[in-house]
Amino acid sequence: MKLGEIIKDTGAVILHGDPSTEITSICSDSRRACKGCLFIAVKGCSNDGHDYIDSALAAGAAGVIDADRRALALCAGNFYDHPSSKLTLVGITGTNGKTTTVTLLYHLFTNLGYNCGLLSTIANYVGARHSEAINTTADPITINSLMAEMVDSGCEYCFMEVSSIGMEQDRTAGLEFKAGIFSNLTHDHLDYHGTFAEYLRCKKMFFDSLGPDAVAITNIDDKNGMVMVQNTKAKVVTYSCKILADHNCRIMEESFEGMMLKIDGTETWTKLIGQHNAYNILAIYCAALAVGADKDEALIAISALDPAKGRLENLKGPKGLNVIIDYAHTPDALENVLKTLRDVAPEKELICLFGCGGDRDKTKRPEMAKIAEENADRLFVTADNSRTEDTECILEDIKAGFSNRGLAKAIFIPNRKEAIRTAILTASQGATVLLAGKGHETYQILGREKSHFDEREIVNEVFESMTD
């Protein structure tokens, strides 16, 4: 493609080359520059791409342009021939539930016989082929490249997580969403956004950007549900598990094996558990109807869906133990999971093991402590990707949130593997043990070292030691 076609209507400025220069690839990272590529110099959060122009030219870049983040996204859309317009693209934003919802949508439509793509925190899928994801919302070049692959592979649908940071950084600029879902808004990412109001504003940007042919699906049980869609041009569809809405759901029965839901008057079994998952199921049901699925076929497909990896994942062990692995790493998510587990097995001991990530929002650490204290019988406080912070300092921040009652039932073990082992071995008969924070992750980051750490492997090792 010619350079002039790539930058058309983007506001980008040519620094090297001319409009007729032929471009074979694009990049904004000089380490990926190669012969014939276009290097897009963007000033980022920590690095300024303009400092690497000489490196890109030395690697053979045929052109260089100056662009802001929005222009970068628009250039990516132009270069890959606007792949989002050739897909039924559904995005979801909110604090909790994004990964579960897009993953369930991907499997739902796959089960309905469609070829689909997925862009999530856990992985990116082009049909059945998957690759590891790095960010909740990828960079614009990666997004458009993957969507172009989806189009070439015959995909009809794409389901995508949209983060507040991704919106603020214009990573989704130029994408044509057919539907957007709002799940909920609670405390998270204030280390980046600074205030809750700014966090809300960035989430709302997603719905403000939807076109008149799109559908905005919002959870009106969240106090910000209608705020999200108050300025959208899209058709608004509401859902609720509490009050009258366009679509409603309530839990009829629940156990560790799943729950019976009544969705718009029809009883539907699901393998997922918890009130928060009732919301997730209702959201995917709304999205399915919004983009043309048949109601009855959608409900049948929903009943066959498996939970997303690391989301209330149940490992059954000796002594009737249920060890639950969940990604809950925000106060609201932790509270949802603990209340769900208490409801499912109210007479059994509930143990909560958790920590808080380093180099991240510190204000939620004492909040996590209060929620764990209020909802669990015993507590194990440990490491969770401490990164460059000292684990002991993180644990002290968490400790500040406990009352004397909480401290009396809390055990602080910085080594997460040892904490898991101790929590399981000291659990009473039939207890529920929640390992919160890691979920699908199979690594631990301490300092600048990223090492293998799969909680499933650790749990199974402990189970084996209990049966020797």
Side-chain angles (χ1 to χ4, degrees), residues 45 69-70 73 84 89-105 119-121 133 135-140 143 158-211 214-241 245 276 279-280 282-284 286-287 290 327-336 360-361 363-364 367:
C45 296
R69 289 170 177 167
R70 181 173 181 79
S84 67
L89 177 60
V90 179
I92 178 170
T93 196
T95 306
N96 301 310
K98 295 189 297 298
T99 300
T100 294
T101 301
V102 293
T103 303
L104 291 174
L105 277 168
L119 301 176
S120 79
T121 299
N135 297 315
T136 298
T137 305
D139 66 273
I143 290 172
C158 176
F159 306 102
M160 175 182 179
E161 289 187 53
V162 180
S163 69
S164 56
I165 295 173
M167 287 303 303
E168 194 273 336
Q169 295 182 358
D170 280 319
R171 296 181 202 167
T172 62
L175 299 183
E176 297 183 28
F177 288 91
K178 302 298 191 302
I181 305 169
F182 170 68
S183 60
N184 50 65
L185 197 68
T186 60
H187 190 147
D188 200 17
H189 297 305
L190 299 194
D191 55 318
Y192 180 89
H193 294 294
T195 66
F196 188 82
E198 178 62 12
Y199 179 42
L200 184 153
R201 185 190 71 82
C202 291
K203 291 287 189 189
K204 186 175 177 296
M205 286 168 62
F206 175 53
F207 296 95
D208 292 348
S209 69
L210 294 178
V215 180
I217 302 165
T218 189
N219 172 15
I220 58 172
D221 290 343
D222 187 284
K223 65 181 180 180
N224 293 298
M226 292 309 294
V227 174
M228 287 290 150
V229 297
Q230 66 185 10
N231 299 117
T232 190
K233 300 180 187 69
K235 175 187 175 183
V236 175
V237 171
T238 60
Y239 68 96
S240 168
C241 291
H276 61 295
Y279 280 102
N280 293 335
L282 184 55
I284 70 167
C286 293
Y327 190 51
H329 62 283
T330 66
D332 182 66
L334 184 62
E335 183 174 26
N336 284 336
R360 297 293 187 268
D361 186 357
T363 62
K364 69 182 181 183
E367 288 190 34

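The model shown is predicted, which means the values in this text are computed figures rather than measured ones.
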*Looking at CD of E367 and OG1 of T186, how far apart are the two atoms once the value is rounded to the nearest 0.5 Å?*
9.5 Å
*Heavy-atom closest pair, residues A133 and S120*: CB-O, 3.0 Å
*Does the distance from a Lys or Arg side-chain N to an Asp or Glu carboxylate O, for E198 and R201, drop under 4.0 Å?*
yes
*Do V215 and K178 have side-chain heavy atoms sitting under 4.5 Å apart?*
no
*Decide side-chain contact (heavy atoms from CB on, under 4.5 Å) for M160 and L89; before the verdict, give the C-alpha distance in whole Å, the side-chain angles of both, and the deciding distance to 0.1 Å.*
CA-CA 7 Å; M160 175 182 179; L89 177 60; 4.2 Å; yes
*Indicate the atoms forming the closest heavy-atom contact of S240 with D221, along with that distance.*
OG-OD1, 2.6 Å
*asked:* Is there a side-chain contact between R360 and H329 in this structure, where contact means two heavy atoms from C-beta onward sitting under 4.5 Å apart?
replied: no
*Between F206 and F182, ring centroids under 6.0 Å*: no
*D332 side, atom CG; T95 side, atom OG1 - distance, nearest 0.5 Å*: 7.5 Å
*Do I181 and Y239 come within less than 4.5 Å of each other through their side chains, counting heavy atoms only?*
yes
*When you look at I284 and V102, which way does the side-chain contact (heavy atoms from CB on, under 4.5 Å) test go after all the steps?*
CA-CA 8 Å; I284 70 167; V102 293; over 6 Å; no
*Determine the minimum heavy-atom distance between C202 and S164, stating which atoms define it.*
CB-O, 3.6 Å
*Does T172 reach the main-chain N or O of L175 with its side chain, forming a donor-acceptor pair under 3.5 Å?*
no
*Minimum heavy-atom separation for T101 to A283, with atom names?*
CG2-CB, 4.4 Å
*Contact check, side chains of M226 and T218, non-hydrogen atoms, under 4.5 Å*: yes
*Enter the distance from Y199:OH to E168:CD here, rounded to the nearest 0.5 Å.*
13.5 Å
*Indicate the atoms forming the closest heavy-atom contact of I143 with A138, along with that distance.*
CD1-O, 3.2 Å
*Just how far is it from atom OG1 of T121 to atom CD of E161, taken to the nearest 0.5 Å?*
3.5 Å
_Interatomic distance, L334 atom CG to N336 atom CG [nearest 0.5 angstrom]_ = 9.0 Å
*Is there any side-chain hydrogen bond (donor to acceptor under 3.5 Å, both in side chains) pair reaching into residues 225-234, and which pairs are they, with sequence neighbours excluded?*
K204-N231
*Does some side-chain heavy atom of Q169 sit less than 4.5 Å from a side-chain heavy atom of D139?*
no
*Measure the shortest side-chain to side-chain distance between T93 and F207 over non-hydrogen atoms and say whether it is less than 4.5 angstrom.*
yes
*side-chain contact (heavy atoms from CB on, under 4.5 Å) partner of K203, chosen from L185, N224, V162*: L185
*Verify whether one side chain among N184 and D222 offers a donor that lies under 3.5 Å from an acceptor in the other.*
no
*Does the side chain of Y279 reach to within under 4.5 Å of the side chain of C241, using non-hydrogen atoms?*
yes
_A173 to A73 - nearest heavy-atom pair and separation_ = O-CB, 3.6 Å
*Are a donor atom and an acceptor atom from the side chains of N219 and S183 found within less than 3.5 Å of each other?*
no
*Report the distance from atom OG of S163 to atom CZ of R171, rounding to the nearest 0.5 Å.*
5.5 Å
